[in-house]
Structure formats: structure tokens, C-alpha cells
A.B. asks: 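Let me begin by handing over the structure; questions about it come next.
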Amino acid sequence: MHRFANPARFLKIARPATAWLLGLGLVLSAIGIVGALVVIPPDYLQGETARILHIHVPAAWLGMGGWTGIAVASAAQIIWRHPLAGVAARAIAPAGAVFAAICLASGSIWGRPTWGTWWEWDGRLTSMLVLFFLYCGYMALAAAEKERGPEGRAAPIFGLVGAINLPIIHYSVIWWNTLHQGESITLTRSSIAPALLWPLPFTLLGFSALFGAVVLLRMRAELAATKVEARLRRAAAE
């Protein structure tokens, strides 16, 4: 891990990895979305509404996974002072916020015909909304802290503290009498018929690859901007 904290080594890997992840993500996402919207039959209970599962579940996964990445990067920034840790956390935050927003929007679209309302202050929905606000707060704090210098601790501490919300999101359907349905898919079983489920791995992997490509692009852009700023400062000092 220390070896790849070097920006030069990171960029040698990130440049080709970005293209591969972007291409793979587009192909897998297209297969999954076409399969979900066109190929699979309607659900016998939820009808056409069930198709949104193939967008909603990956978005929820990446919304939570993004903050997990921020927490890991924040820990590395605090403990080991890795030069790329803060860059990685700042790059993850906007992508994670977008997927958290997609999760909330798709959940509301699914909830209108299923629950009869666009929104309910349910444990799962509320904790996911809190996650979205945490992303917004982290982005504002990280941007302000970056202006003051690279040694700030407020943003990484916020990234670690915010991770407390992740188990709340995951276990909310167990801890409380929640309107949100329980887990339909686990590592060992699924209550969804395979004929309806097969596009989900494609959208899950495809969206994850796109997420990774966006994060790498943002990291590369920030490193390039930092390099340009350093050159301008040196030129101004001469």
C-alpha cells in the first residue's frame, strides 16, 4: 500500500485502468439495463415496477460502498499520512453522493405505486438520506480544508465518524418495524426468481466499474491540477 501511495506509480496504473474500467462498465451496464427494461418479464406481484430493482440495488450498494472507501482513505490519511489518501477520499465523495441520490430517487419511484407515497420517514430511507447529507457535508468540509493546506484533520475525522451510519442503514430493516422490505438477496440465497434476477449482476458490476473509472479520473485531474499549481508557484518565485 505504501508503494502505490507514490503519485507517479499511481498514475502509471491509473491511466490504463481508467480506460479499462470505463469500457467494461459501459458494456456491462448496457447489458444489465437492456435486460432489466426489455428482456425480463414483469414481476407477478409488482409488475413493471420491479424492474427498478436493477438500478436501485447497485445505487444503494455504491452509495454505502463509497463512504466505506472514504472511511478507509481517511484512516490512511490520519495514521500513515499517505499523500494520495486525501485525494482518493475527495474523489470518491461526489461519485458516492450521486449514487446515494440515485438510490433515494429510484426508491421513491418504486415506493409510489408500492406504498402509495413518494416518501416515508422509514428507518432505511431516513438513514440513506442522512448518508446523502453526510456526503454533501464531507465535500464542503474537504474543499474548505484543502484551501488551507494538505495537513488538515477535520475532513478525515468526519469521514471516519460518518461511517457509523453504514451499519444503521444495513440493519435498519432488522432493528425497527420498517416499511422498507427486508433483504431479498444475500450471499447465500435469493427470494427473487432467477429469470428476474440475472440482469442485476451486470448492473452491479457495470456501475461499480463506472464508479471506479470516475474516481480514478477525478484523482488524476486533482493530481494534474496540483502539479500545474506547483509549476506556477515556482515560475512566480523566479
A.B. asks: Is there any side-chain hydrogen bond (donor to acceptor under 3.5 Å, both in side chains) pair reaching into residues 24-36, and which pairs are they, with sequence neighbours excluded?
C.D. replies: none
A.B. asks: I want to check something: taking the side chain as every heavy atom from C-beta on, are V39 and P199 in contact at a cut-off of under 4.5 Å?
C.D. replies: no
A.B. asks: Indicate the atoms forming the closest heavy-atom contact of H56 with S106, along with that distance.
C.D. replies: ND1-OG, 2.9 Å
A.B. asks: Are W61 and V130 grouped together when hydrophobic residues (ILVMFWY) are joined by side-chain heavy atoms under 4.5 angstrom apart?
C.D. replies: yes
A.B. asks: Check whether E145 reaches the backbone of R153 with its side chain - one donor and one acceptor, N or O, closer than 3.5 Å.
C.D. replies: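 It does hold such a pair.
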A.B. asks: Taking Y135 for its side chain and A101 for its backbone only, find out whether a donor-acceptor pair lies under 3.5 Å.
C.D. replies: no
A.B. asks: Could you measure the distance from the CG atom of L141 to the NZ atom of K146? Nearest 0.5 Å is fine.
C.D. replies: 14.0 Å
A.B. asks: Starting at CZ of F132, measure out to CD1 of I102 and round the result to the nearest 0.5 Å.
C.D. replies: 11.0 Å
A.B. asks: Which pairs count as salt bridge (Lys or Arg N to Asp or Glu O under 4.0 Å) when at least one residue sits in residues 14-40, sequence neighbours excluded?
C.D. replies: none
A.B. asks: Same cluster for V98 and L21 if Ile/Leu/Val/Met/Phe/Trp/Tyr side chains link at under 4.5 Å?
C.D. replies: yes
A.B. asks: Any idea which heavy atoms bring M128 and I169 closest together, and the distance?
C.D. replies: SD-CD1, 4.0 Å
A.B. asks: To the nearest 0.5 Å, what is the distance between CG on L131 and OH on Y138?
C.D. replies: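 The OH atom of Y138 is 13.5 Å from CG of L131, to the nearest 0.5 Å.
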A.B. asks: Specify the closest pair of heavy atoms between I109 and W118, including all atoms of both residues, with the distance to one decimal.
C.D. replies: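 I109 and W118 have their closest heavy atoms at CA-CZ3, 3.9 Å.
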A.B. asks: Report the C-alpha separation of L104 and L125 in whole Å, then their side-chain angles, then the decisive distance to 0.1 Å, and conclude whether the side chain to side chain contact (heavy atoms under 4.5 Å, CB included) test is met.
C.D. replies: CA-CA 7 Å; L104 291 167; L125 276 68; 5.5 Å; no
A.B. asks: I need the full list of side-chain hydrogen bond (donor to acceptor under 3.5 Å, both in side chains) pairs touching residues 18-27, with sequence neighbours left out, sorted by first then second residue.
C.D. replies: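 The answer is T18-R220.
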A.B. asks: Under 4.5 Å between side-chain heavy atoms, counting indirect links through other Ile/Leu/Val/Met/Phe/Trp/Tyr residues: same cluster for L11 and L84 or not?
C.D. replies: yes
A.B. asks: Donor-acceptor pairs under 3.5 Å, side chain of residues 155-163 to any protein atom, not counting sequence neighbours: which ones?
C.D. replies:
none

A.B. asks: Can a donor-acceptor pair be found, under 3.5 Å and without considering hydrogens, that links the side chain of N165 to the backbone of S127?
C.D. replies: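 Judged by distance alone, yes, a pair lies under 3.5 Å.
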A.B. asks: Which donor-acceptor pairs under 3.5 Å do the side chains of residues 200-218 make with protein atoms, sequence neighbours left out?
C.D. replies:
residue : atom : partner : partner atom : Å
T203    : OG1  : H54     : O            : 2.9
T203    : OG1  : L200    : O            : 3.0
S208    : OG   : L204    : O            : 2.7

A.B. asks: Apply side chain to side chain contact (heavy atoms under 4.5 Å, CB included) to the pair M219 and F10, showing each step before the final yes or no.
C.D. replies: CA-CA 10 Å; M219 291 181 69; F10 166 77; 3.5 Å; yes
A.B. asks: Is there a side chain to side chain contact (heavy atoms under 4.5 Å, CB included) between V27 and L24 once you walk through the steps?
C.D. replies: CA-CA 5 Å; V27 171; L24 183 65; 5.7 Å; no
A.B. asks: Keeping T126 on the side-chain end and G123 on the backbone end, is there a donor-acceptor pair under 3.5 Å?
C.D. replies: no
A.B. asks: For a side chain to side chain contact (heavy atoms under 4.5 Å, CB included) check, start with the C-alpha distance between I33 and I55, then their side-chain angles and the critical distance, and finish with the verdict.
C.D. replies: CA-CA 8 Å; I33 291 172; I55 304 296; 4.2 Å; yes
A.B. asks: Taking R51 for the side chain and A36 for the main chain, is one N or O donor matched with an acceptor at less than 3.5 Å?
C.D. replies: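 Here the side-chain-to-backbone pair exists.
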A.B. asks: Find the distance between CG (L129) and CZ (F133) and round it off to the nearest 0.5 Å.
C.D. replies: 4.0 Å
A.B. asks: Assigning hydrophobic clusters by single linkage (Ile, Leu, Val, Met, Phe, Trp, Tyr; side-chain heavy-atom cutoff under 4.5 Å), is L62 placed with W110?
C.D. replies: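 Yes; tracing contacts between hydrophobic side chains, which count when under 4.5 Å, links both residues.
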A.B. asks: Output a table of donor-acceptor pairs, distance under 3.5 Å, between side-chain atoms of residues 86-95 and any protein atom two or more places apart or on a different chain; print 'none' if there are none.
C.D. replies:
residue : atom : partner : partner atom : Å
R90     : NE   : E222    : OE2          : 3.0
R90     : NH2  : E222    : OE2          : 2.5

